[in-house]
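For reference, the structure is listed below as structure tokens.
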Amino acid sequence: MALDLTIATGSSTPIYRQVVDQVRRAVVRRELKVGDQLPSVRVMAERLLVNHNTIAKAYGELVRDGDIESRHGKGVFVAQKRSIYTRAERSRRLDDALETFLGEAIALGIDTDEILQSVTKKLSNFTSQSGRGQA
Amino acid sequence: MNDFVIQTNGLTKFYGKKCAVDQVSLTVPRGGVYALMGRNGSGKTTTIRMLLGLVTPTRGTASVLGCSSLDLTPAVRSRIGYLSESHYVYRWMKIADCAKFQQGTFFRWNQTIFDAIVDHFGLDRSTKAGALSRGERAGLCLAMTLGTEPDLLILDDPALGLDPVARRSLVEAMLAVTSHSERTILFSSHLLDDVERVADHVGIIDRGVLRVQASADDFRERICQWRLTFETPPDALPAVTGVVHTEYLDNEIRLTIANSSDETEAALRALNPKRMEKTGVGLERAVIDYLTTRGSSGSLL
């Protein structure tokens, strides 16, 4: 396991949000697997040199959204993710993500075929790694 | 029990005709880290010195740990750790002597904490305090202050003149203090990077006036930036409530706004921009916008 988070100050993304995003990304990329233990709030705060309340807030959000679970007295572990959003909310979030992605791709002057190809390629990477294959 | 370790009410200080601190009502909750920001000469040090009873206010009141700043007893004082801007030391004392001196002066003394910080800053105990570099002296002062295990730690611009390594040690020491949930730190700083890492609460003071006082999260959530793009930008903007800062680019106007609401959006839309977009603002940007604008609009108290 190599959970190597880095945070940037001065960003418009708050530090707790950077932690949340990076943990989620690590799970999607299978750098973190279900059942893996995360460093405690205190250790993570020391490692990143940030206020422990910031890490507590990030973990709180990850627990609330079902990404990780807190086992009493043992620590924090990556959870089997359940879908907690309604269909409408999922579609709204997907739409947001697509908007950002396509905006960037089109601004770079990439044509439709190329976009579709790279999406397919990336997707096959993800699904072969995670073994979920539910594309 | 009072939930605030520091509470001031209309605290004001005049030096002659010059108002250094203007009706500041500061509330610092117990536990956590409160960062007080402001430009040089904005009144941070004067405020801190009034809290400690070192400067008598012209008007208003201040209480620290439930005791009026004007009559702090030795018992209450010993629970406050104060690190002044200038890091005063007795130059003739060796570092080891500084520890003995503090031990004899304060009710509480924790040699382990003192030793840990002295080692952290890589100081040799037989060195005389007068021979230390600026960063080393800051380390010594920090060790002397934290060794007294204060319930309230007041640091006046502790990072001033520190090199990056010493600064990191300082932040580490501050974070270690707050792992005790009952301990509170009030510090003033210009280093927004450090503030973002450690602060739970922020206050912004500008020309003696406290313009922002909020939790760090709240502060970030309540400040946003609207970016308006125009075919031909208007010459003047109508008054929009909560505008903290306005920046004019070629065809774009960027407004940093506190407490943006539906009314704000409607007012901006009425300008008929080609495109308008709302984005978040980093802590650094938000603070700088507060400190570079004149006026009192967009107060967040």
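No hydrogens, no waters, no symmetry mates; every other heavy atom, side chains included, goes into these values. Bear in mind the structure is a predicted one, so any value in this text is a computation, not a measurement. Here is the naming used below: chain letters follow the sequence lines, and residue numbers restart at 1 for every chain.
Among all heavy-atom pairs drawn from A:S12 and B:G280, the shortest one is CB-O, 3.8 Å.
Neither the backbone nor the side chain of B:A176 comes within contact range of chain A, judged by heavy atoms closer than 4.5 Å. Proximity to chain A is absent for every atom of B:Q225, based on heavy atoms less than 4.5 angstrom apart. In this structure, chain A has a heavy atom under 4.5 Å from the side chain of B:R220, while its backbone stays farther away. Looking at B:L192, neither its backbone nor its side chain comes within 4.5 Å of chain A, counting heavy atoms on both sides.
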Step by step, would you call A:N51 with B:D200 a side chain to side chain contact (heavy atoms under 4.5 Å, CB included)?
-> CA-CA 8 Å; A:N51 189 315; B:D200 297 291; 3.1 Å; yes

Going through the distances and angles, do A:I15 and B:E196 end up as a side chain to side chain contact (heavy atoms under 4.5 Å, CB included)?
-> CA-CA 8 Å; A:I15 294 173; B:E196 191 175 348; 3.8 Å; yes

Audit row: B:E284, A:T9, side chain to side chain contact (heavy atoms under 4.5 Å, CB included) steps and yes/no | CA-CA 8 Å; B:E284 182 165 338; A:T9 54; over 6 Å; no

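Between chain B and the options A:S11, A:A45, A:P14, the largest number of non-hydrogen pairs under 4.5 Å is found for A:P14. Note on B:M174, B:R168, B:R285, B:E221: by heavy-atom pairs under 4.5 Å with chain A, the leading option is B:R168. In terms of heavy-atom pairs under 4.5 angstrom with chain B, the leader among A:T13, A:N53, A:L49 is A:L49.
Dense packing is recorded around CG of A:D111, with more than 12 heavy atoms of other residues, nucleotides or ligands lying under 6.0 Å away. Residue A:R87 qualifies as open at atom CZ: its count of foreign heavy atoms under 6.0 Å is 12 or below. A 6.0 Å sphere centred on CG of B:D262 holds no more than 12 heavy atoms belonging to other residues, nucleotides or ligands. Other residues, nucleotides and ligands place no more than 12 heavy atoms under 6.0 Å from the CZ atom of B:R39. Within 6.0 Å of CZ on A:R92 lie more than 12 heavy atoms contributed by other residues, nucleotides or ligands.
Side-chain contact check for B:R197 versus A:L48: every heavy-atom pair is 4.5 Å or farther apart. Considering only heavy atoms from C-beta on, A:K57 comes within 4.5 Å of B:D217 through its side chain.
To the nearest 0.5 angstrom, B:T178 atom OG1 is 4.5 Å from A:H52 atom NE2.
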